[in-house]
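Counting starts at 1 for both ligands and their atoms, in listed order.
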Amino acid sequence: MRATAVACANIAFAKYWGKADPWLNIPAVPSISLTLRGLETVTTVELNPALECDEITIDGELLSPPESKRAVELLDAVRACAQSRCFAKVLSRNNFPKASGLASSASGFAALSVAARAAYGLPFDPVESSRLARRGSASAARSLFGGYVELPQGLPGDDSLAARPLYPPEHWELRLVVAIVCEQPKKMGSRPAMEQTRASSPYYAAWLEHAPKLAQRIREAIAKRDIEALGHASEASFQAMHAAAWAAEPSIFYLEPASVEALHTIRSMREKEGIPVFATMDAGPQVKAICLPEHAEAIAQRLSNTKGVLRVLITQPGPAASLIESPS
Ligand code: PMV
């Protein structure tokens with residue numbers, strides 16, 4: 001029994017930061033993202049009765065037991081559902097570098113949840129796969145769907161929480177220009193950073209109160225294809241998230257000097273040249289510019305000439321996760 005699935009990365013306009021339930025990995029705030037074409041993880045899951053545990057290889061590297069813990073938990077959940085005891089060999093490949101600052105965990109858990117269900121003989125069900133992927137990494141729940149996607153906030157104990165598609169990729173031809181400023185692994189993973197923010201930031205309560213209002217503005221802006229409204233609310237979302245994390249003790253600060261330079265480039269193109277371009281950032285130093293297709297090349301050019309920027313990628317709305325090989 002063998003199945004292969006593909007899923008794309010996503011970037012959030014309305015950021016998820018903070019958990020309502022750390023055990024079930026349930027977000028405390030709603031998040032809204034765009035799935036990105038071409039930034040893909042392809043994952044094959046093959047059952048093997050001779051194995052004594054799951055074997056997980058990502059980009060040619062066999063994971064150690066602590067590294068594979070979350071993927072094994074996902075496989076355990078699928079096995080429980082399929083009433084199987086058979087372990088599996090998992091081979092996963094990203095077509096974008098792990099250190100590129102684009103989260104491979106989102107596309108990775110999304111592809112794994114689709115391939116694992118199929119390999120264990122369960123029917124293709126994006127909502128169920130989204131729920132499963134959410135337990136591994138909440139942002140992964142959004143990579144099950146193409147285009148514009150929402151993961152609602154959840155309540156403690158509500159393990160049914162899954163993402164839902166808002167609009168398909170063709171609803172709005174936006175571009176996200178990614179400025180890569182650092183290729184080292186990130187300073188602190190999102191999981192411990194969220195916990196540190198919750199436990200010690202005086203702004204965490206304010207973030208929890210404010211984030212749903214920003215998500216509402218972002219939902220409306222996407223519905224109306226209003227770049228100004230989307231851009232301002234998206235900037236407010238990442239800045240409030242980073243501010244809450246920065247105010248934690250010890251402080252969590254993801255920006256590198258080149259991130260600040262890139263943020264200035266974006267602001268200057270908007271304020272001095274009248275180009276509708278807006279920034280967003282995640283739990284790392286890379287800066288992503290939100291813009292319309294006709295401005296993407298010029299923005300990419302300016303960002304690649306910005307001090308400290310190593311490389312630039314232009315990305316666009318992408319498809320849902322899918323099965324590319326299923327057991328016959
Ligand atoms: O799903 P995680 O645990 O990788 O957290 C993702 C957090 C952010 O990327 C900062 C925001 C988001 O909504 O993607």
Exercise answer: donor-acceptor pairs, residues 271-279 side-chain atoms, under 3.5 Å, sequence neighbours excluded:
residue, atom, partner, partner atom, Å
Glu273, OE1, Arg302, NH1, 3.1
Glu273, OE2, Arg302, NH1, 3.1
Glu273, OE2, Arg302, NH2, 3.0

Salt-bridge test for Asp159 and Arg135: reply yes if a basic N is under 4.0 Å from a carboxylate O, no otherwise.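 Here Asp159 pairs with Arg135 in a salt bridge, since their nearest N and O are under 4.0 Å apart.
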I'd like a table of the close N/O pairs between ligand 1 and the protein (anything under 3.5 Å), one pair per line with both atom names and the distance.
residue, atom, partner, partner atom, Å
ligand 1, 1 (O), Ser137, OG, 3.0
ligand 1, 1 (O), Ala138, N, 3.3
ligand 1, 1 (O), Ser139, N, 2.9
ligand 1, 1 (O), Ser139, OG, 2.7
ligand 1, 3 (O), Ser190, OG, 2.9
ligand 1, 4 (O), Ser190, OG, 3.3
ligand 1, 5 (O), Ser190, OG, 3.4
ligand 1, 9 (O), Asp282, OD1, 3.2
ligand 1, 13 (O), Tyr16, N, 3.0
ligand 1, 13 (O), Arg142, NH1, 2.9
ligand 1, 13 (O), Arg142, NH2, 3.3
ligand 1, 14 (O), Arg142, NH2, 2.8

List, by chain and then residue number, the residues other than Met1 in its hydrophobic cluster (Ile/Leu/Val/Met/Phe/Trp/Tyr, side-chain heavy atoms under 4.5 Å); write none if there are no others. Val45, Leu47, Ile56, Ile58, Leu63, Val72, Leu74, Leu75, Val78, Val90, Phe109, Leu112, Tyr120, Leu122, Leu132
Test item: Arg134 side-chain N/O and Leu24 main-chain N/O as donor-acceptor pair under 3.5 Å: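 Yes; judged by distance alone, with no hydrogens or angles, the pair exists.
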Please check: side-chain N/O of Gln196 versus main-chain N/O of Pro250, any donor-acceptor pairing under 3.5 Å?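 Here the side-chain-to-backbone pair exists.
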Tell me the ring-ring contact (aromatic ring centres under 6.0 Å, His included) pairs involving residues 20-68, sequence neighbours left out?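 Of all non-adjacent pairs touching residues 20-68, none passes ring-ring contact (aromatic ring centres under 6.0 Å, His included).
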